[in-house]
A.B. asks: 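This structure is in structure tokens; I'll ask about it shortly.
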Amino acid sequence: EELNDKWICFKKNSIHLVSIDAGGTPDVTQVPVGIGCQAPRTVVRAGNVLLFLHNQGLYTVDGAGTVNLVPLSDPIRDLIRSLDADQIGNSVAAYWPETQTYMLAVPGLQALTSGGASPAAVSGLTGATTAINDGLLVLHLPTGYWSIWPGIYAASMAVVPKSDFSTEVWYGAYFGRLHRFTDDKV
């Protein structure tokens, strides 16, 4: 993702800044924080920062490579840390500018919030079973307030422009259905 004329590259356990000098030579610098992004489809721009999911929480990084080491998800840290580390890579996210909300779909949320029910799963072409995203963790950035929306099966998410130049968030559910959020549902 590009931010402030630098490319920010995420690996599972590291973050790298890439810039091009005047002579066209790339300069790659590793950000010395010891964390990375466990779920590539959770990297989302919100203003002048990127938000991303690590298995210890939701973090931000700016164009200078400064990572906020106190995760935005600190109020729900136990819930985040309870998510299956092997399945967290399936998570997807979107940032809705009009409502200033970060919407994070994660696997196993219903099991964690309903007292231990088995997480929803789907069998892939190889026969392997993968936990599917079965709920949203929604962060209102200005207040830091988190809400939990179980039962939303988002396989993908996108911010879509409308004709009045505003946006709305759509998600693709498993097995081909499209859904959209409206202002009164956030």
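These numbers were taken from a predicted model, which means no experiment stands behind them.
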A.B. asks: Given 3.5 Å as the limit, does a donor-acceptor pair link the side chain of Trp7 with the main chain of Ile20, or not?
C.D. replies: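 A pair under 3.5 Å: no.
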
A.B. asks: Side chains of Tyr153 and Gln110: does their closest heavy-atom pair fall under 4.5 Å?
C.D. replies: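 Yes. Closest side-chain heavy atoms under 4.5 Å.
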
A.B. asks: I'd like to know if the side chain of Arg41 and the backbone of Ala155 have a donor-acceptor N/O pair within less than 3.5 Å.
C.D. replies: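 At least one qualifying donor-acceptor pair exists.
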
A.B. asks: When you compare the side chain of Asp21 with that of Asp27, does any pair of heavy atoms fall below 4.5 Å?
C.D. replies: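 Result no, sub-4.5 Å side-chain heavy-atom pair not found.
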
A.B. asks: Is the shortest side-chain heavy-atom distance between Asn68 and Val49 below 4.5 Å?
C.D. replies: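 No, every pair of side-chain atoms sits at 4.5 Å or beyond.
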
A.B. asks: Measure the shortest side-chain to side-chain distance between Leu58 and Ile76 over non-hydrogen atoms and say whether it is less than 4.5 angstrom.
C.D. replies: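 They are not in side-chain contact.
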
A.B. asks: Can you tell me how far CG of Leu137 sits from CG of Leu112, rounded to the nearest 0.5 angstrom?
C.D. replies: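 Leu112 CG to Leu137 CG: 9.5 Å, rounded to 0.5 Å.
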
A.B. asks: So, Gln38 side chain and Lys12 main chain: donor-acceptor pair closer than 3.5 Å or not?
C.D. replies: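 The answer is yes, because a donor-acceptor pair under 3.5 Å joins these two groups.
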
A.B. asks: For the hydrophobic clusters of this structure (ILVMFWY residues joined by side-chain heavy atoms under 4.5 Å, transitively), does one cluster hold both Leu72 and Ile148?
C.D. replies: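 They do share one cluster, since a chain of ILVMFWY contacts under 4.5 Å joins Leu72 to Ile148.
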
A.B. asks: Quick one: does Ile8's side chain get under 4.5 Å of Leu17's, heavy atoms only?
C.D. replies: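 Contact flag for Ile8/Leu17 side chains = yes.
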
A.B. asks: Parallel, tilted or perpendicular: which one describes the rings of His179 and Tyr171, with boundaries at 30° and 60°?
C.D. replies: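 It falls in the parallel class, under 30°.
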
A.B. asks: Any chain of hydrophobic side-chain contacts (each under 4.5 Å) joining Val159 to Ile152?
C.D. replies: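 Both belong to a single hydrophobic cluster.
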
A.B. asks: Is the shortest side-chain heavy-atom distance between Leu109 and Trp149 below 4.5 Å?
C.D. replies: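 No - every pair of side-chain heavy atoms lies 4.5 Å or more apart.
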
A.B. asks: Which value, rounded to the nearest 0.5 Å, describes the distance between Met157 atom CE and Leu136 atom CG?
C.D. replies: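 These two atoms lie 5.0 Å from each other.
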
A.B. asks: Drop me the distance from Glu168's CD to Trp96's CH2, to the nearest 0.5 angstrom.
C.D. replies: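 Those atoms lie 7.0 Å apart.
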
A.B. asks: For Ser156, check side chain to side chain donor-acceptor pair (under 3.5 Å) against everything at least two apart and list the hits.
C.D. replies: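 Per chain and number, Ser156 pairs via side chain to side chain donor-acceptor pair (under 3.5 Å) with no residue.
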
A.B. asks: Quick one: pull up CZ in Phe52 and OH in Tyr102 and give me the separation to the nearest 0.5 Å.
C.D. replies: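 So the CZ of Phe52 and the OH of Tyr102 are separated by 9.5 Å.
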
A.B. asks: Is Pro107 close to Ile132 at the side-chain level, that is, under 4.5 Å between some pair of heavy atoms?
C.D. replies: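 Heavy-atom side-chain distance check fails, nothing below 4.5 Å.
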
A.B. asks: Name the one of Ile15, Val43, Val61, Asn55 that satisfies side chain to side chain contact (heavy atoms under 4.5 Å, CB included) with Cys37?
C.D. replies: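 That would be Val43.
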
A.B. asks: What's the separation between atom CD1 in Ile35 and atom CG in Leu69, rounded to the nearest 0.5 Å?
C.D. replies: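 Reported value, rounded in 0.5 Å steps: 6.5 Å.
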
A.B. asks: Give, for atom OG1 of Thr60 and atom CG of Leu50, the distance between the pair rounded to the nearest 0.5 Å.
C.D. replies: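 If I round to the nearest 0.5 Å, the distance is 9.0 Å.
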
A.B. asks: Side-chain contact test, heavy atoms from C-beta onward, threshold under 4.5 Å: evaluate it for Thr167 versus Glu98 and give yes or no.
C.D. replies: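 A side-chain contact under 4.5 Å exists here.
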
A.B. asks: Linking I/L/V/M/F/W/Y whenever their side-chain heavy atoms sit closer than 4.5 Å, directly or via other members, would Leu178 and Val160 fall into one cluster?
C.D. replies: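 Result: yes, single cluster for both.
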
A.B. asks: Between the side chain of Asn133 and the main-chain N/O of Asn90, is any donor-acceptor distance below 3.5 Å?
C.D. replies: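 Such a contact is found between Asn133 side chain and Asn90 backbone.
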
A.B. asks: For the side chain of Ser91 and the backbone of Ile88, is there at least one donor-acceptor N/O pair under 3.5 Å apart?
C.D. replies: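 Pair found, side chain donor or acceptor close to backbone of Ile88.
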
